Undergrad: 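Let me begin by handing over the structure; questions about it come next.
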Number of protein chains: 2
Amino acid sequence: MSSLRVLAQTLGLSITTVSRALDGYGDVALATRERVLAAAEAAGYRPNSAARRLRRGLTEIVTMVLPAEPGHFNEPLYIELMGSIGERLAEQGYDLTLIAALPGPDELKTYRRLVDGRRTDAIIVVRTRREDARLRYLTDSGFPFVAMGRSDFPEPYAFVDGDGEAAFHDAVLRLAALGHRRIGHLAAPSAFTFAHLRRSGFERASRQAGLSAEIVEDSANEAGGYRAAKLLLAQPELPSALLCATDSMALGAMRAIRERGLVVGRDIAIIGHDNIPAAAFSDPALATMELPIAATGRRLAEMALARIGGADPRDLTEINAVEFIARASLGEART
Amino acid sequence: MSSLRVLAQTLGLSITTVSRALDGYGDVALATRERVLAAAEAAGYRPNSAARRLRRGLTEIVTMVLPAEPGHFNEPLYIELMGSIGERLAEQGYDLTLIAALPGPDELKTYRRLVDGRRTDAIIVVRTRREDARLRYLTDSGFPFVAMGRSDFPEPYAFVDGDGEAAFHDAVLRLAALGHRRIGHLAAPSAFTFAHLRRSGFERASRQAGLSAEIVEDSANEAGGYRAAKLLLAQPELPSALLCATDSMALGAMRAIRERGLVVGRDIAIIGHDNIPAAAFSDPALATMELPIAATGRRLAEMALARIGGADPRDLTEINAVEFIARASLGEART
DNA sequence: AGGGCTTTCCAAAACGTTTTGGATGGCGTT
DNA sequence: AACGCCATCCAAAACGTTTTGGAAAGCCCT
């Protein structure tokens, strides 16, 4: 049980020496270090994590807070993200813990419990919003955190994000080059920064190319895309292309298009974002854009560790390019 | 910082009394208890979790080990499952931590680290296999654990599972009632218990109804479903219905059917399992089956807590009914 | 020989909580 | 007045580790 003590006793050494031998201090003679390591291995010794955490004041835990809105939850991205974050953290002996927190008046309570109870060494904030009280609270409390996504929050903080603005700007120009003159955008709720940025890219490119651009905003899931597309398709002048904030919305939109008696890829081109697994297998296959999610997770983990080590958040900001994936839903050129 | 001590000092009480007051022992006069509670609230006191864990020998953590196979990872189910497990655990002051472990020779290392290092109070095992070394190890070590899914493992252990056997049996009879005589089954790798059970249900019903039944096994994702369906459709006599182990496989199969020039729901009926979000928005909408995943998560959490409390695993087994969801891919009756 | 330096080891304190085993004083009972 | 009992409180130990501040012994140099 009391492992370090037992180990020391059987070796005829002090607890101190055993501990230092295991941690690789130069303090210990090479011969004894090897003896200790062998004995520890043989006894299957694993340091008691609670004791080490208490003593060192570190939990060796990084916590990711999930925005657990019932309908919004099922985004395949997050599980891949968690996998890569967890893997990277494990290399450093850290664990990843998960907490669900509903956005709303009590959202900050979850964060306060984490911070005040010292239940974690760093927090990973996802699905950032343009006005985000969480960033304010964490910054004020001086607690290490990393965000996936940007925000209007003015003070410096560590984040990783995809360049959604450029990606959607680029996608519009791509559609324009194919001959589209009337492009609709199915936007996600613009309180979310990612949605705002994608919409901005869309708007900027539309102006630049002198296109007729219409925007409908709805939830970032299949049902939202379905409703938004239905609205756009009920107008007298139909768009010839739909640029959707997410693949889920795009799948919903494809259904609305079919129900209207039109054919995706022939009558209306459509593009999503995320490259979820189902996107490659829809009918027709959905053109989309992809953020390297595994790499993003690794970077988030590394940044969290860096922040725990006291790194300046100013040095920990990263905006990654988004890759365009052409598929059949893009259709042929039309001129 | 040293909060309990500070709190005691400002109150003019001993650490013992403050601690016992906060924990609600009858030991403390009502008046002082209230005084202590008020002061703790005012000071925003949160017990240091590492210290309490060390002293009580409990981590207040439950760990879910994710089978992190790169391609297999993106199953939307898991994120919803984690959300509901985490929520239920939080009600009891427990945290949910996540660890990724690749199946393979080193898989058990992850479990050993958790158990020997006392990093968690209970483990949740998912994606059980018929031969599952993890259940053997955890049972032998006497460590509290709960499984999502069954196994051939002979000793008693706590689990929640869906009744996939009955569900697939029922689905075959449903297809037979619609006039189908030649039904194919796209099976997931039968090392996984869920895949084996679904296949068994399919086989039992096929025999019972005297149907021609063919089975192809492949990975439980879109690509696997695509390959498996392609194989079945390359035969001289085509099946008129495909029963797929998962929705992801079904989406892959639908693509193979389209490429073969056939129409899903008219030429070939198709049924999946899981009711992933994309299923309702495929073309045609995918008939499927659904396990109440939020309820399952809650039960898993409750069982984990019960096992920590020393409950007998024999009393903690639950097999839930799966609900059939009819959609357009089921097609019309054909006689 | 004596002083300083290195190498190797260790006793004890500290982390913040929970729990054990009383101590104290007031009250009622005999 | 002596005794026991109850209500209320507390000092100290314990959990298992890391870290501080040396101690002891051997060596080299003057």
Side-chain angles (χ1 to χ4, degrees), chain A residues 1-37 39-40 43-61 93-95 113 115-121 308, chain B residues 1-37 39-40 43-61 93-95 113-121:
Chain A
M1 263 323 126
S2 101
S3 289
L4 208 44
R5 185 168 54 204
V6 167
L7 209 54
Q9 225 149 17
T10 62
L11 281 165
L13 288 170
S14 75
I15 292 180
T16 309
T17 304
V18 176
S19 171
R20 298 184 77 85
L22 291 173
D23 282 1
Y25 278 67
D27 221 359
V28 183
L30 193 66
T32 50
R33 158 142 80 245
E34 277 167 2
R35 209 156 58 90
V36 170
L37 286 178
Y45 169 75
R46 299 273 189 303
N48 177 301
S49 60
R52 114 179 331 216
R53 284 166 188 181
L54 173 58
R55 172 61 228 222
R56 310 208 322 184
L58 283 179
T59 62
E60 293 183 312
I61 285 178
Y94 267 71
D95 287 342
R113 172 163 168 274
V115 172
D116 294 338
R118 303 201 176 4
R119 303 179 82 89
T120 187
D121 292 345
I308 291 169
Chain B
M1 260 327 123
S2 100
S3 287
L4 209 44
R5 186 169 54 204
V6 167
L7 208 55
Q9 225 150 18
T10 62
L11 281 165
L13 288 170
S14 75
I15 292 181
T16 310
T17 303
V18 175
S19 171
R20 297 184 76 87
L22 290 174
D23 282 1
Y25 278 68
D27 222 0
V28 183
L30 194 66
T32 51
R33 158 140 82 244
E34 278 167 2
R35 210 156 58 89
V36 170
L37 286 177
Y45 170 75
R46 299 274 191 303
N48 177 300
S49 59
R52 113 176 336 214
R53 284 167 188 180
L54 174 57
R55 175 60 228 221
R56 309 206 322 183
L58 282 179
T59 63
E60 293 183 312
I61 285 178
Y94 267 72
D95 287 343
R113 172 164 169 273
L114 287 171
V115 171
D116 294 339
R118 303 202 177 5
R119 303 178 83 87
T120 187
D121 293 344

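Convention: sequence-line order gives letters A, B, ...; per-chain numbering from 1. Nothing here was measured: the structure is a model prediction, and the numbers come from that model. Because only heavy atoms are used, hydrogens play no part in the values below, and waters and symmetry mates are left out as well, while side chains stay in.
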Undergrad: In whole angstroms, how far is the P atom of D:dG16 from the CZ atom of B:R52?
TA: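 These atoms are roughly 18 Å apart.
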
Undergrad: In residues 21-29 of chain A, what donor-acceptor pairs under 3.5 Å come from side-chain atoms, sequence neighbours left out?
TA:
residue	atom	partner	partner atom	Å
A:D27	OD2	A:R20	NE	2.8
A:D27	OD2	A:R20	NH2	3.4

Undergrad: Between the axis at one end of the helix from C:dA1-D:dT30 to C:dT30-D:dA1 and the axis at the other (five pairs apiece), what's the angle to 10 degrees?
TA: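 Here the local axes at opposite ends form an angle of 70°.
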
Undergrad: Tell me, do A:I61 and B:I61 make a side-chain contact under 4.5 Å, heavy atoms counted?
TA: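 A:I61 reaches B:I61 side chain to side chain.
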
Undergrad: Quick check on DNA chain D: between B:R56 and B:T32, whose nearest nucleotide comes earlier from the 5' end?
TA: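 So the residue in question is B:T32.
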
Undergrad: D:dT18 P sits how many Å from A:R5 CZ, rounded?
TA: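 My rounded result for the distance is 15 Å.
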
Undergrad: Can you tell me how far CG of A:L58 sits from OG of A:S49, rounded to the nearest 0.5 angstrom?
TA: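 Answer rounded to 0.5 Å: 12.5 Å.
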
Undergrad: Does A:R113 reach the side chain of B:D95, with side-chain heavy atoms less than 4.5 Å apart?
TA: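 Contact flag for A:R113/B:D95 side chains = yes.
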
Undergrad: Of all of residues 14-26 of chain A, which get a heavy atom below 4.0 angstrom from DNA chain C, listed by number?
TA: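 Residues of residues 14-26 of chain A under 4.0 Å from DNA chain C: A:S14, A:T16, A:T17.
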
Undergrad: Given side chains that start at C-beta, do those of A:L4 and A:S19 come closer than 4.5 Å, heavy atoms only?
TA: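 Yes - at least one pair of side-chain heavy atoms lies under 4.5 Å apart.
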
Undergrad: If only atom types and distance count, is the side chain of B:R118 paired as donor or acceptor with the main-chain N or O of B:D116 below 3.5 Å?
TA: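 Checked: pair present.
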
Undergrad: Can you find a heavy atom in the side chain of B:L30 that is under 4.5 Å from one in the side chain of B:R33?
TA: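 A side-chain contact exists here, since the closest heavy-atom pair is under 4.5 Å.
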
Undergrad: Please state how far atom CG in B:L7 lies from atom C1' in C:dT17, giving the value in whole angstrom units.
TA: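 Between C1' of C:dT17 and CG of B:L7: 13 Å.
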
Undergrad: Which nucleotide wins on minimum distance to the side chain of B:N48, given the candidates D:dT18, C:dT17, C:dC9?
TA: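 Side chain of B:N48 sits closest to C:dT17.
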
Undergrad: Quick one: does B:R55 reach the base of C:dT17 with a side-chain donor-acceptor pair under 3.5 Å?
TA: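 There is none.
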
Undergrad: Toward the 5' end of DNA chain C, which comes first, A:A29 or B:A51, by nearest nucleotide?
TA: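 Its nucleotide being nearer the 5' end, the pick is A:A29.
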
Undergrad: Would you mind reading off the distance between B:L58 atom CG and D:dG16 atom P, rounded to a whole angstrom?
TA: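 Taking CG of B:L58 and P of D:dG16, I get 13 Å after rounding.
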
Undergrad: Students often get this wrong, so: under 4.0 angstrom with heavy atoms, is A:D27 touching a base, only sugar-phosphate, or nothing?
TA: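 The answer is base, as A:D27 lies within the cut-off (heavy atoms under 4.0 Å) of a base atom.
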
Undergrad: With a cut-off of less than 4.0 Å, is there a side-chain N or O of A:Y45 near OP1 or OP2 of D:dG16?
TA: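 For D:dG16, OP1/OP2 do not have a side-chain N/O of A:Y45 under 4.0 Å.
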
Undergrad: Does a side-chain N-to-carboxylate-O contact under 4.0 Å join B:R56 and B:D121?
TA: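 No.
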
Undergrad: Whole Å only: how far is the CZ atom of A:R119 from the P atom of C:dG16?
TA: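 Rounded to the whole Å, the gap is 16 Å.
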
Undergrad: I'd like to know if the side chain of B:R119 and the backbone of B:L114 have a donor-acceptor N/O pair within less than 3.5 Å.
TA: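 Side chain of B:R119 to backbone of B:L114: no pair is present.
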
